[in-house]
*Asks:* 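My structure is below; once you've seen it, I'll send some questions.
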Amino acid sequence: MNIETEIYKLIDRQGGFVNDPQNQGGARKYGISQHTLQFWLAREATIDDVRNLQKRTAYEIYYSWYYIKPGYNELPTLIQPFMLDTGAQSGMGQSRAIKLLQDALTCHGYPCGKVDGKIGEKTVAASQLAASNMGNSLLKTLINRRVIVCENIVKRDETQRVFLAGWIARAESFLPA
């Protein structure tokens, strides 16, 4: 697995500039919201800043904040692209993505300590053992759980239903061939 390739795939999946009033994240390009860009730039970001965001800057944000910072780089390569995408998906977030993994590991008999949304030594060890023993079944479990989370987002907020089919298709795009 080449993480640079995976991040650019994520950027392409996220798409170009959008400012859909139904999307709770507001204006975004390549999946990078105005709010996130503001923190990256360390100044107020305008909608034009979002519109003019370059792919390389989006890559740097994803690599630093959505891959290294949460610790996805410590996980088995089998699940790294899925975890990166899940943590970056609007409505999911990194902590929820990690809790999804931790819960799945625990339910399958791979204790990883407290389900706290943080990747530590126990989560890394449990995920490596699970990936080794379960292989693609671990990935399929994570995909199914992500779909359930997306469905629950819509149950809580029906205005998000317009995005559900896309969210599910995106999660299922990680299913092994």
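The model shown is predicted, which means the values in this text are computed figures rather than measured ones. The first residue of the sequence shown is numbered 1, and numbering continues consecutively from there.
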*Asks:* Check whether any side-chain heavy atom of Val50 sits under 4.5 Å from a side-chain heavy atom of Asn19, and report yes or no.
*Replies:* no

*Asks:* Mind listing the closest non-hydrogen atom pair of Tyr8 and Tyr59 along with its distance?
*Replies:* OH-CB, 3.6 Å

*Asks:* Rounded to the nearest 0.5 Å, how far apart are CG of Leu105 and CG of Leu100?
*Replies:* 9.5 Å

*Asks:* Run the numbers on Asp20 and Val162 for side-chain contact (heavy atoms from CB on, under 4.5 Å), then give the verdict.
*Replies:* CA-CA 11 Å; Asp20 185 335; Val162 66; 5.7 Å; no

*Asks:* Can you hop from Val115 to Ile79 via hydrophobic side chains spaced under 4.5 Å?
*Replies:* no

*Asks:* Grab the two heavy atoms, one from Gly135 and one from Leu78, that are nearest each other, plus how far apart they are.
*Replies:* O-CD2, 3.2 Å

*Asks:* Rounded to the nearest 0.5 Å, what separation is found between the CG atom of Asn133 and the CG atom of Leu138?
*Replies:* 10.0 Å

*Asks:* For residues 139-148, please give each side-chain donor-acceptor pair under 3.5 Å, one per line with the distance, not counting sequence neighbours.
*Replies:*
from	atom 1	to	atom 2	distance (Å)
Thr141	OG1	His108	NE2	3.4
Thr141	OG1	Ser137	O	2.9
Asn144	ND2	Lys140	O	3.4
Arg145	NH1	Asp103	OD2	2.4
Arg146	NE	Gln89	OE1	3.0
Arg146	NH1	Asp85	OD2	3.1
Arg146	NH1	Thr86	OG1	2.7
Arg146	NH2	Asp85	OD2	2.6
Arg146	NH2	Gln89	OE1	3.0

*Asks:* Table please: side-chain donor-acceptor pairs of residues 60-75 below 3.5 Å, with sequence neighbours left out.
*Replies:*
from	atom 1	to	atom 2	distance (Å)
Tyr62	OH	Gln14	NE2	3.1
Tyr62	OH	Tyr30	O	2.7
Ser64	OG	Glu60	O	3.1
Tyr67	OH	Gln80	OE1	2.7

*Asks:* Taking side chain as C-beta onward, heavy atoms only, is Lys9 less than 4.5 Å from Pro81?
*Replies:* no

*Asks:* Quick one: salt bridge (charged side-chain N to carboxylate O under 4.0 Å, His left out) partners of Glu44, sequence neighbours excluded?
*Replies:* none

*Asks:* Quick check on the hydrophobic clustering: are Leu53 and Val18 connected, directly or via other members, by side-chain heavy-atom contacts under 4.5 Å?
*Replies:* no

*Asks:* List, one per line, each side-chain donor-acceptor pair under 3.5 Å for residues 118-132, sequence neighbours excluded.
*Replies:*
from	atom 1	to	atom 2	distance (Å)
Thr123	OG1	Gln102	NE2	3.0
Ser127	OG	Thr123	O	3.0
Ser127	OG	Val124	O	2.9

*Asks:* Applying side chain to side chain contact (heavy atoms under 4.5 Å, CB included), can you list everything that pairs with Gln54, at least two apart in sequence or on another chain?
*Replies:* Thr57

*Asks:* How many angstroms lie between OG1 in Thr106 and NZ in Lys99, if you round to the nearest 0.5 Å?
*Replies:* 13.0 Å

*Asks:* With side chains defined as the heavy atoms from C-beta onward, is the minimum distance between Leu164 and Ile153 less than 4.5 Å?
*Replies:* no

*Asks:* Output yes when Arg51 and Asp48 qualify as a salt bridge under the 4.0 Å nitrogen-oxygen rule, no when they do not.
*Replies:* yes

*Asks:* With side-chain hydrogen bond (donor to acceptor under 3.5 Å, both in side chains) as the rule and sequence neighbours excluded, what pairs involving residues 33-43 come up?
*Replies:* Ser33-Thr36, Arg43-Asp49

*Asks:* May I ask whether Phe17 and Leu37 are part of the same hydrophobic cluster, defined by side-chain heavy atoms of I, L, V, M, F, W, Y residues being less than 4.5 angstrom apart, directly or through others?
*Replies:* yes

*Asks:* Rounded to the nearest 0.5 Å, how far does CG of Asp157 lie from NZ of Lys155?
*Replies:* 14.0 Å

*Asks:* When you check the gap from the basic side-chain N to the acidic O, do Lys55 and Asp12 get nearer than 4.0 Å?
*Replies:* yes

*Asks:* Does any non-hydrogen side-chain atom of Ile168 lie less than 4.5 Å from one of Glu151?
*Replies:* yes

